Amino acid sequence: MAANTVDTKSKATLPRSPPASPASPASSPAVAAARVGEVGGGGVKVSLATEDDIPELIALFWEAFSGPGEATFPHTDNGRTWLERGFRNFLGGPSYYRPESRVAVVRNANGRPLSFAIVHIVKPGQSGVVGSSWKRRWGTPDEFPDLSEERLAHFFEPLARAHHLAVGREGHVYIEFLVTKATARRRGYATALVDWVTRLADDLGYACYLDGGGRGMGMLEDAGFAARDLGHRYGDAPPPCVPMVRPKKSG
């Protein structure tokens with residue numbers, strides 16, 4: 001699909017410090033998320049993940065990164081522990097050192113997640129998604145011998161460069177991963193999650209960004225995203241994604 005838009009494929013807790021610049025004149029992220037509520041596009045219910053959902057979220061993530069993706073995100077005990085730490089970061093409180101995050105999910109009738117979006121609320125001027133910032137979001141892999149920091153950097157850092165060139169230090173909402181279980185595709189779940197995220201961005205007065213490419217580009221265009229041409233700023237080779245930006249809502 002796109003974004004580390006994935007359909008089931010695609011993409012440390014730190015000390016608290018004084019908050020960065022205000023989220024926006026319109027709303028704080030927490031208030032904005034409450035206003036958005038729990039209904040996404042097409043009447044599909046969207047809710048926020050909890051720690052109880054982490055095992056299912058990891059299973060979906062691993063399904064997305066099976067086969068060649070396992071070299072970067074190994075399906076091992078250490079790989080699971082590293083992902084658990086990352087998801088706990090996203091479900092925990094805000095940190096001065098990384099963007100405030102949300103994990104939005106669509107569930108089946110039994111309450112199990114079938115689709116999820118990892119969402120980061122990047123405040124104006126916050127350098128939470130550039131270079132090696134993935135280590136602040138996900139945690140360093142130093143203590144996990146079967147994870148390769150080199151492979152993780154090769155995955156995250158080219159995307160971060162394209163991301164930064166597309167939006168700079170503008171406040172925006174970043175969809176880092178959008179994953180749907182293979183057997184639950186074509187039911188509008190990704191569309192509902194994107195709708196939820198864009199309404200959150202609108203409430204904050206922010207733009208929205210994701211790493212596009214592959215499936216779902218038409219759905220993203222329908223949601224107001226457009227490819228951002230980086231020209232030669234990225235370098236001689238093209239970026240590993242299609243940078244997709246939805247401008248902040250005017251007025």
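Predicted model, so just to flag it, every value in this text is computed and none were measured.
Residues Arg151 and Phe156 form no side-chain contact, since every pair of their non-hydrogen atoms from C-beta on lies 4.5 Å or further apart. Between Ile121 and Leu204 the shortest side-chain heavy-atom distance falls below 4.5 Å. Between Phe73 and Phe155, some side-chain heavy-atom pair lies under the 4.5 Å cut-off. The shortest distance between side-chain heavy atoms of Leu165 and Pro243 does not fall below 4.5 Å. Counting heavy atoms from C-beta outward, Pro158 and Tyr234 have side chains that approach closer than 4.5 Å. With contacts defined as side-chain heavy-atom distances shorter than 4.5 Å, the pair Thr81/Thr76 does not qualify. Taking 4.5 Å as the limit, some side-chain heavy atom of Ser115 sits within range of a side-chain heavy atom of Leu193.
Annotation: Phe225 is not in aromatic contact with Tyr209 [ring centroid separation under 6.0 Å not met].
A donor-acceptor pair is defined here as one N or O able to donate and one able to accept, closer than 3.5 Å; such a pair exists between the side chain of Arg228 and the backbone of Ala166. No donor-acceptor pair under 3.5 Å is formed between the side chain of Asn110 and the backbone N or O of Arg112. A side-chain donor-acceptor contact under 3.5 Å links Arg187 to the backbone of Thr183. Judged purely by atom type and a 3.5 angstrom limit, Gln126 has no side-chain atom pairing as donor or acceptor with the backbone of Gly171.
Across every non-hydrogen atom of Ala227 and Val242, the tightest pair is CB-CG1, 3.7 Å. The two residues Glu51 and Pro55 make their nearest non-hydrogen contact at O-CD, 4.1 Å. Looking at every heavy atom in both residues, Leu57 comes nearest to Pro113 through CD2-CB, 4.1 Å. The minimum heavy-atom distance between Ala192 and Val46, with the atom names listed, is O-CG2, 3.9 Å. Residues Asp146 and Pro74 approach most closely at O-CG, 3.4 Å, considering heavy atoms. For Ser66 against Glu63, the heavy-atom pair with the smallest separation is OG-O, 3.3 Å.
Each of Leu210, Val119, Val129, Ile118 was checked for a side chain to side chain contact (heavy atoms under 4.5 Å, CB included) with Glu176, and the lone residue meeting it is Ile118. Tested against His75, the residues Phe65, Phe61, Trp62 include a single ring pair (Phe, Tyr, Trp, His ring centres under 6.0 Å) partner, Trp62.
Between Arg199 and Asp203 there is no salt bridge, since no side-chain N of the basic residue sits under 4.0 Å from a carboxylate O of the acidic one. Taking a cutoff of 4.0 Å between a charged side-chain nitrogen and a carboxylate oxygen, Glu56 and Lys181 do not qualify as a salt bridge. Salt-bridge check for Lys248 with Asp202: failed, with every basic side-chain N at 4.0 Å or more from each acidic carboxylate O. The pair Glu149-Lys135 meets the salt-bridge criterion, with a side-chain N (NZ, NE, NH1 or NH2) lying under 4.0 Å from an Asp/Glu carboxylate O.
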Criterion side-chain contact (heavy atoms from CB on, under 4.5 Å) on Ser148 and Thr72, from CA distance to verdict: CA-CA 7 Å; Ser148 165; Thr72 303; over 6 Å; no

Please test Cys208 against Met244 for side-chain contact (heavy atoms from CB on, under 4.5 Å), starting from the C-alpha separation and ending with a verdict. CA-CA 8 Å; Cys208 200; Met244 300 291 288; over 6 Å; no

Go through the steps to decide whether Leu147 and Leu152 satisfy the test side-chain contact (heavy atoms from CB on, under 4.5 Å), and finish with yes or no. CA-CA 8 Å; Leu147 272 77; Leu152 288 165; 4.1 Å; yes

side-chain contact (heavy atoms from CB on, under 4.5 Å) evaluation trace for Val103 with Leu91: CA-CA 7 Å; Val103 181; Leu91 299 177; 4.0 Å; yes

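Neither side chain, His120 nor His172, offers a donor N or O lying under 3.5 Å from an acceptor on the other. Between the side chains of Arg137 and Ser101, no donor-acceptor pair is found at a separation under 3.5 Å.
Here Arg185 contributes atom CZ and Leu114 contributes atom CG; the two are 12.5 Å apart, rounded to the nearest 0.5 Å. Between atom CD1 of residue Ile58 and atom CG of residue Asp53 there is a gap of 11.0 Å, rounded to the nearest 0.5 Å. Of the inter-residue distances, the one linking Ser47 atom OG with Trp196 atom CH2 reads 9.5 Å to the nearest 0.5 angstrom. Between the CZ atom in Arg161 and the CD atom in Glu157 there is a gap of 12.0 Å [rounded to 0.5 Å]. Interatomic distance, Leu200 CG to Asp195 CG, rounded to the nearest 0.5 Å: 11.0 Å. Taking CG from Leu83 and CZ from Arg88, the interatomic distance works out to 11.5 Å, rounded to the nearest 0.5 Å.
Other residues, nucleotides and ligands contribute over 12 non-hydrogen atoms within 6.0 Å of the CG atom of Asp142.
Using the six-membered ring where Trp is involved, Trp82 and Trp138 have ring planes that are parallel, under 30° apart on the 30 and 60° scheme.
Within the cation-pi definition used here (under 6.0 Å to the ring centroid, within 45° of the axis), Arg102 does not qualify as a partner of Phe90.
Both Met217 and Val194 are part of a single hydrophobic cluster, where members link through side-chain heavy atoms under 4.5 Å apart. At a threshold of 4.5 Å between side-chain heavy atoms, the hydrophobic network of Ile, Leu, Val, Met, Phe, Trp and Tyr places Val106 and Met219 in one connected group.
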